[in-house]
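One structure is given here, and the rest of the page talks about it.
Please read these numbers as outputs of a predicted model, since none were measured by experiment.
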Amino acid sequence: MALSTQVKTLRALQQLLMGNGRGALAGGSEPKPSFQPVEGRPVMLPRCTPEAQGLPSALLDGFYRAISAAPLANAHALMVLRNGHVISEGCFAPFRRDIWHVTHSQSKSLLGTAVGIAIGEGLFALEDKIADYFPQELGLFSPRRIRAVTIRHLLTMSSGISYNEINEAVETDWIKGIFSSSVTHEPGERFVYNSMNSYLLSALICKLTGGTVIEYLTPRLLEPLGFGPIAWEKSATGHEKGGWGLYMMLEDMAKHGQLYLQKGRWAVDGETRQLLPESWVEQATSEQILTPEGERYGYHIWLEATGGGAYIMNGMF
């Protein structure tokens, strides 16, 4: 990372250790969003009994009881779908199904969907170099490796960019911070999880569309799927954070997963539409890179370890 960012980070850590947490973190973000219902939405998924979809209710009852009794599970809410139908759902007090929930890094999976739609529309391509879209951020001494980072590298957490979540807390212009930071290894060489990869993809969509990621997704995904209230925290420069800060309804998380199970297709007003390219669903849910621990990763989606075909849109807590 740039020397100035290193100095700011060290100062912030020093102030935190001295108990001055409020003054230590000077990074720029907009306030957290307040919940606002959306008129006319959400559109509910169809409901039926577990037996109508071939599962015994007793099996699900045992699952809920086991989750409730597990000391480390700390479940907030659960929803089970089979064949596109909600066959079971429940919330653990004080959580409610009519209030959104912060998703933490599950945000990355929705951002990945936005990237897939944008690539399908020809806004950019997987092998495009991100620096080509932000030439104003490059200088005479910009690292050679930063010029080689592609969209694919950002999606697979293999960019090598050293500017990370700690640094964003002490800087207000995160794009500038990214492009002035070092790149620790050749792009594509290895997996290093870094949410600022996602932020840069978010900033790219904002730049090319002239709006926000949510504005881009609204007619293409959120309205066709009948999403309820949704919000995404932004940086001081007005870009959604991309890798975190997304608030969604539980049912809309389920719709997003179901869209992938349906290979990007969704029934809208009685007509089946291809909202997300099928080729993107296949690529995003296929192994693109291995983590140092041997975990399998697609495009902002985690894959089941043994290769059984399952995948996870995963977030902290």
Side-chain angles (χ1 to χ4, degrees), residues 1-5 28 107-165 167-168 171-217 220 232 234-244 276-277 279-280 283-284 288-289 297-301:
M1 73 188 78
L3 179 61
S4 61
T5 301
S107 307
K108 293 179 176 68
S109 297
L110 187 65
L111 178 70
T113 297
V115 170
I117 294 172
I119 288 176
E121 292 184 341
L123 265 67
F124 49 82
L126 276 170
E127 303 308 329
D128 286 356
K129 293 178 172 59
I130 189 67
D132 291 344
Y133 292 99
F134 295 93
Q136 73 281 3
E137 303 296 344
L138 296 174
L140 182 63
F141 300 105
S142 295
R144 172 190 60 82
R145 288 174 175 172
I146 197 72
R147 300 174 186 269
V149 173
T150 66
I151 305 300
R152 187 190 301 274
H153 296 145
L154 297 172
L155 283 165
T156 57
M157 298 290 172
S158 62
S159 70
I161 292 170
S162 62
Y163 191 89
N164 58 33
E165 295 93 329
N167 308 132
E168 58 87 6
E171 298 275 9
T172 55
D173 190 339
W174 300 347
I175 297 175
K176 182 178 180 180
I178 289 169
F179 279 98
S180 62
S181 69
S182 62
V183 179
T184 59
H185 58 261
E186 289 294 333
E189 185 178 278
R190 61 180 181 269
F191 177 101
V192 179
Y193 194 81
N194 183 353
S195 292
M196 299 312 285
N197 289 315
S198 310
Y199 175 72
L200 200 49
L201 290 169
S202 176
L204 175 62
I205 292 174
C206 293
K207 179 174 183 176
L208 295 182
T209 63
T212 67
V213 177
I214 284 183
E215 287 171 345
Y216 177 69
L217 284 177
R220 294 166 175 83
W232 217 322
K234 297 177 183 176
S235 68
T237 51
H239 309 111
E240 282 107 333
K241 293 180 178 178
W244 73 104
L276 180 64
S279 60
W280 180 261
Q283 292 177 60
Q288 299 295 336
I289 195 168
Y297 197 68
Y299 290 149
H300 276 28
I301 290 176

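- A distance of 5.5 Å separates CZ of F124 from CD1 of I119, quoted to the nearest 0.5 Å.
- W174 contributes no side-chain N or O that, together with a main-chain N or O of Y163, makes up a donor-acceptor pair within less than 3.5 Å.
- Taken from CG in D173 to CD in E168, the straight-line distance is 13.0 Å, to the nearest 0.5 Å.
- To the nearest 0.5 Å, atoms CD (E171) and OG (S180) are separated by 7.0 Å.
- A cation-pi arrangement, defined by a distance under 6.0 Å to the six-membered ring centre and an angle within 45 degrees of its axis, is absent between K207 and Y133.
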side-chain contact (heavy atoms from CB on, under 4.5 Å) for D128 and R152? Distances and angles first, verdict last. CA-CA 8 Å; D128 286 356; R152 187 190 301 274; over 6 Å; no

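- In terms of modelled atom types and a separation under 3.5 Å, the side chain of E127 and the main chain of T150 share no donor-acceptor contact.
- No side-chain heavy atom of I161 sits less than 4.5 Å from a side-chain heavy atom of V192.
- When every heavy atom of P187 is checked against every heavy atom of V149, the shortest pair comes out as CG-CG2, 3.8 Å.
- None of E165, E240, H239, K241 except one satisfies the side-chain hydrogen bond (donor to acceptor under 3.5 Å, both in side chains) rule with Y199; the exception is H239.
- In this structure S198 satisfies the side chain to side chain contact (heavy atoms under 4.5 Å, CB included) test together with K108, L111, M157, H300, sequence neighbours excluded.
- Here salt bridge (charged side-chain N to carboxylate O under 4.0 Å, His left out) pairs that include residues 186-204, with residues two or more places apart or in two chains, are R144-E186, R145-E186.
- Nearest heavy atom pair, residue S142 against residue F179, reads OG-O, 4.5 Å.
- Interatomic distance, L154 CG to M196 CE, rounded to the nearest 0.5 Å: 11.5 Å.
- Within the model, atoms OG of S182 and CD1 of I146 stand 9.0 Å from one another, a figure rounded to the nearest 0.5 Å.
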Determine whether T113 and I117 satisfy the following criterion, side-chain contact (heavy atoms from CB on, under 4.5 Å), listing intermediate values before the conclusion. CA-CA 6 Å; T113 297; I117 294 172; 4.2 Å; yes

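- Salt-bridge formation is detected for the pair E121/R220: a Lys NZ or Arg NE/NH1/NH2 atom is positioned less than 4.0 Å from an Asp or Glu carboxylate oxygen.
- The main-chain N or O of G177 is never found under 3.5 Å from a side-chain atom of N167 such that the two would form a donor-acceptor pair.
- Across all their heavy atoms, H185 and S158 have their closest contact at NE2-O, 3.7 Å.
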For side-chain contact (heavy atoms from CB on, under 4.5 Å), just list the numbers for L217 and T212, CA-CA rounded to whole Å, side-chain angles, deciding distance to a tenth of an Å, and then say yes or no. CA-CA 9 Å; L217 284 177; T212 67; over 6 Å; no

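- V115 is not listed as a side-chain neighbour of Y299, based on a closest heavy-atom distance of 4.5 Å or more.
- Of all heavy-atom pairs between G116 and L276, the closest is C-CD1, 4.1 Å.
- Atom CG of L155 is separated from atom OH of Y297 by 8.0 Å, given to the nearest 0.5 angstrom.
- Between the side chains of S162 and T184, no donor N or O sits under 3.5 Å from an acceptor N or O.
- Judged by distance alone, the side chain of N194 and the main-chain N or O of G160 form no donor-acceptor pair under 3.5 Å.
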Evaluate side-chain contact (heavy atoms from CB on, under 4.5 Å) for V213 paired with C206, printing each intermediate quantity in order. CA-CA 6 Å; V213 177; C206 293; 4.1 Å; yes

